[in-house]
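Take a look at the structure below.
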Number of protein chains: 2
Amino acid sequence: MTTMLEVAKRAGVSKATVSRVLSGNGYVSQETKDRVFQAIDESGYRPNLLARNLATKRTQTLGLVVTNTLYHGVYFSELLFHAARMTEERGRQLILADGKHSAEEEREAIQYLLDMRCDAIIIYPRFLSVDEMDAIIQDHSQPVMVLNRRLRKNSSHCVWSDHIASSEAAVTQLIKLGHRDIAFITGSLDSPTGIERLSGYKAALAQHQIPLRESLIVEGKWNPASGAAGVSTLLARGETFSALVASNDDMAIGAIKQLHESGIATPAAVSVIGFDDVAIAPYIVPSLSSVRVPVTEMIKETISRLIFMLDGGDFTSQQNFAGELILRDSVVAGPHR
Amino acid sequence: MTTMLEVAKRAGVSKATVSRVLSGNGYVSQETKDRVFQAIDESGYRPNLLARNLATKRTQTLGLVVTNTLYHGVYFSELLFHAARMTEERGRQLILADGKHSAEEEREAIQYLLDMRCDAIIIYPRFLSVDEMDAIIQDHSQPVMVLNRRLRKNSSHCVWSDHIASSEAAVTQLIKLGHRDIAFITGSLDSPTGIERLSGYKAALAQHQIPLRESLIVEGKWNPASGAAGVSTLLARGETFSALVASNDDMAIGAIKQLHESGIATPAAVSVIGFDDVAIAPYIVPSLSSVRVPVTEMIKETISRLIFMLDGGDFTSQQNFAGELILRDSVVAGPHR
DNA sequence: TTGTATGCGTTATCAG
DNA sequence: CTGATAACGCATACAA
């Protein structure tokens with residue numbers, strides 16, 4: 001690998017001068033500039049970012065840690081797509097670290113990004129507790145933002161969506177349309193999101209004095225297979241229901257498949273509480289209700305805040321700007337019988 | 001950030017010693033070892049990977065560049081999932097660079113990974129020509145592997161799947177089952193994969209003396225919407241067909257939806273030429289045929305070769321090990337009418 | 001406008 | 001077993 005020193009020699013200048021023309025900092029005459037560029041072309045020189053970053057103490061990278069368990073399906077793709085795009089629009093690079101499937105591994109992933117000296121970090125947590133993340137934020141000088149979780153202390157460092165409210169809204173829709181027997185496939189119940197969506201369901205029932213029937217609830221694992229299994233379980237229990245809510249798009253897909261295979265045509269109603277506007281299930285059964293979680297907007301807000309902090313912005317002194325961001329899901333109920 | 005020097009002072013030793021206990025290289029007495037570890041704990045020291053990598057000239061990272069246009073849908077997620085998992089299993093970190101949507105941007109992404117001094121690089125190309133990649137491989141000392149493309153010169157540096165053969169096999173299946181009017185939704189025709197799958201279709205027809213009807217072919221863009229649009233176009237043309245082949249899973253999903261909406265129930269047959277075993281379409285219409293592209297295996301082979309090269313392995317001197325890897329798709333034809 | 005010198009945080013080579 | 005000290009490749013304050 002040819003280094004800056006070699007370029008300098010070839011151009012008959014010093015390293016410092018080469019560094020100047022490359023960074024654009026400091027004055028340098030047009031002619032030496034030309035000589036340097038020529039030397040660069042001839043030698044095929046490429047800057048060593050490790051060295052540059054070490055010297056400048058900034059890497060121009062944002063780190064993102066996401067659990068392995070999300071690495072399936074459309075949701076993750078979209079999340080990553082928008083995160084990468086927006087990061088690059090701000091002239092930075094996104095570095096992805098795999099949070100795998102445990103709190104310990106999530107910690108390690110964060111630590112890796114920190115050790116790599118990412119300028120800032122985005123955490124889309126799955127196993128880490130809110131308290132631990134609050135601690136992480138305070139222990140480190142790098143800006144940290146947490147996606148999809150509501151922090152207690154550093155409330156300006158998180159962007160979340162009110163899953164309880166949106167789930168409740170979706171179920172309420174069904175109730176208003178006359179449904180009483182509404183089955184519910186939860187997400188993993190070791191995940192806050194899963195728990196929140198379930199409690200939204202319960203809240204809606206309670207609100208309308210509909211007795212809760214535990215047998216109508218079945219726990220899924222966010223993936224299509226568990227959605228299908230959920231339906232099987234419900235049927236095996238001998239339950240009947242005129243509507244079914246799956247806690248995410250993937251499980252809805254699986255549920256639909258299983259209903260089909262069990263000889264049940266499109267159910268009276270299947271309301272999907274899904275992610276973003278790219279949910280596939282409504283694509284299959286157009287009459288499907290679904291909730292749109294605005295990931296795109298959430299990521300945009302997250303990255304904006306990070307960049308703002310990197311530029312020296314301080315949220316504690318800007319309480320009015322946004323103390324706590326709450327993005328509410330919107331419920332779109334399609335026509336169903 | 002506390003540095004190694006501070007740890008050294010606190011432990012009453014030199015930087016060198018601290019470095020030794022951390023790397024495990026060189027002898028160091030148990031007691032000083034203990035003192036150092038204690039100092040590390042007390043100070044909350046964390047190594048600066050930029051500095052370490054600069055000094056060692058190795059980053060323990062594999063770079064992966066993938067186009068933006070793939071950042072949607074399940075295929076990308078799976079690709080990334082397996083790549084990340086296997087990389088970490090080998091004790092390395094995967095760094096993803098966005099190839100965006102042009103040859104120039106693909107080049108920049110590769111260059112970035114090179115500048116970051118990734119130990120090796122995986123390219124999943126979309127716009128770059130085979131010749132250019134052959135050139136890239138020869139111009140750089142870092143090991144480079146190309147996924148899903150057949151290189152001319154560095155044939156041991158690529159892992160690909162025979163899309164023509166698998167597409168042909170899928171269509172042949174339909175023909176054997178009695179179909180004559182088989183519609184085909186291609187992928188983007190500026191992509192080699194798209195072209196290859198189309199030629200497989202044509203080859204199958206030719207093989208069975210079925211005249212090619214251009215009006216049964218419509219160009220898609222790999223996404224669900226274009227699959228739906230493709231069906232619309234076919235119907236608008238007044239075409240009738242008893243089978244339809246979509247060049248990937250996403251377009252198949254869109255096609256199914258549009259067929260539904262057009263009042264056409266599950267068609268006589270829809271054969272999906274899809275990716276990996278996570279195709280969603282067959283999940284919706286169980287009778288669907290599909291082709292499985294073994295991405296998992298392909299990535300595994302790719303990474304294995306990369307690591308092998310990093311360990312000093314040389315393929316030119318190991319012709320017998322594997323001159324050129326060809327993974328053939330397997331066709332699974334389900335029952336259809 | 002340009003060069004010199006020093007620092008960034010580690011690793012690695014030699015002495016001791 | 002341990003400690004100076006020189007790289008690693010680049011940026012930058014300070015001189016000139």
Side-chain angles (χ1 to χ4, degrees), chain A residues 1-40 43-61 111-119 140-142, chain B residues 1-37 39-40 43-61 111-119 141-142:
Chain A
M1 282 270 103
T2 132
T3 139
M4 185 178 269
L5 180 59
E6 303 177 43
V7 173
K9 283 180 186 168
R10 185 189 289 261
V13 297
S14 72
K15 287 194 303 179
T17 301
V18 176
S19 179
R20 282 189 197 99
V21 341
L22 248 40
S23 67
N25 295 336
Y27 295 97
V28 46
S29 76
Q30 187 57 47
E31 37 185 348
T32 56
K33 226 178 232 173
D34 293 340
R35 283 216 313 284
V36 169
F37 277 129
Q38 187 181 351
I40 288 177
S43 61
Y45 166 78
R46 283 269 93 206
N48 182 326
L49 296 187
L50 294 175
R52 170 180 298 173
N53 295 339
L54 178 61
T56 57
K57 287 172 169 291
R58 320 207 307 102
T59 58
Q60 311 288 16
T61 58
Q111 198 53 259
Y112 176 77
L113 294 175
L114 252 18
D115 293 349
M116 280 284 274
R117 296 301 187 267
C118 285
D119 293 340
H140 299 278
S141 57
Q142 295 92 332
Chain B
M1 282 269 101
T2 132
T3 135
M4 184 178 271
L5 180 59
E6 303 176 42
V7 173
K9 283 179 185 167
R10 184 188 290 263
V13 296
S14 71
K15 290 192 303 180
T17 302
V18 176
S19 179
R20 280 190 198 97
V21 343
L22 248 40
S23 68
N25 295 336
Y27 295 98
V28 46
S29 75
Q30 188 57 48
E31 36 186 348
T32 56
K33 225 180 235 174
D34 293 340
R35 284 216 312 285
V36 169
F37 277 127
I40 288 177
S43 61
Y45 166 78
R46 283 268 92 204
N48 182 325
L49 294 188
L50 294 175
R52 171 179 296 172
N53 294 340
L54 177 62
T56 56
K57 288 172 169 292
R58 319 207 308 104
T59 58
Q60 310 287 17
T61 59
Q111 198 54 257
Y112 176 77
L113 295 175
L114 252 17
D115 294 348
M116 282 282 276
R117 296 301 187 267
C118 286
D119 292 341
S141 57
Q142 294 93 332

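Computed from a prediction, not measured in an experiment: that's the story for all the values here.
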Partner residues of B/Arg46 under the side chain to side chain contact (heavy atoms under 4.5 Å, CB included) criterion, sequence neighbours left out: A/Gln111, A/Asp115

Indicate every side-chain donor-acceptor pair of residues 8-15 of chain A with a distance under 3.5 Å to a residue at least two apart or in another chain.
unit_1  : atom_1 : unit_2  : atom_2 : d
A/Arg10 : NH1    : A/Glu42 : OE1    : 3.1
A/Ser14 : OG     : A/Ala16 : N      : 3.4
A/Ser14 : OG     : A/Thr17 : N      : 3.4
A/Ser14 : OG     : A/Thr17 : OG1    : 3.4

First-last contacting nucleotides on DNA chain C - partner chain A, under 4.0 angstrom, heavy atom: C/dT1 to C/dG9

Pairs meeting criterion salt bridge (charged side-chain N to carboxylate O under 4.0 Å, His left out) with involvement of residues 21-37 of chain B, two or more places apart: none

Qualifying residues under side chain to side chain donor-acceptor pair (under 3.5 Å), relative to A/Thr59, sequence neighbours excluded: A/Thr61, A/Asp119

Contacts of type side chain to side chain donor-acceptor pair (under 3.5 Å), residue B/Thr2, not counting sequence neighbours: none

Let me have the donor-acceptor pairs involving side chains of residues 47-55 of chain B, under 3.5 Å, with sequence neighbours excluded, atom names and distances please.
unit_1  : atom_1 : unit_2  : atom_2 : d
B/Asn48 : OD1    : B/Leu50 : N      : 2.8
B/Asn48 : OD1    : B/Ala51 : N      : 3.2
B/Asn53 : ND2    : B/Leu49 : O      : 3.1

Interatomic spacing from OG in A/Ser141 to CE in B/Met1 - rounded to 0.5 Å: 5.5 Å

Touch class at under 4.0 angstrom, heavy-atom based, for A/Ser14 against every strand present: base

Side chain to side chain donor-acceptor pair (under 3.5 Å) against A/Ser43, all qualifying residues, sequence neighbours excluded: none

Side chain to side chain, B/Val36 and B/Val28, heavy atoms closer than 4.5 Å: no

Integer-rounded Å distance: D/dC1 P and B/Arg35 CZ: 14 Å

Heavy-atom protein contacts under 4.0 Å, nucleotides 9-16 of chain D, coded B base, S sugar-phosphate only, - none: BBBBB---

Counterpart residues, side chain to side chain contact (heavy atoms under 4.5 Å, CB included), relative to A/Thr3 (two or more places apart): A/Leu5, A/Glu6

Overall bend - the helix from C/dT1-D/dA16 to C/dG16-D/dC1, comparing terminal axes fitted on five pairs, nearest 10 degrees: 40°

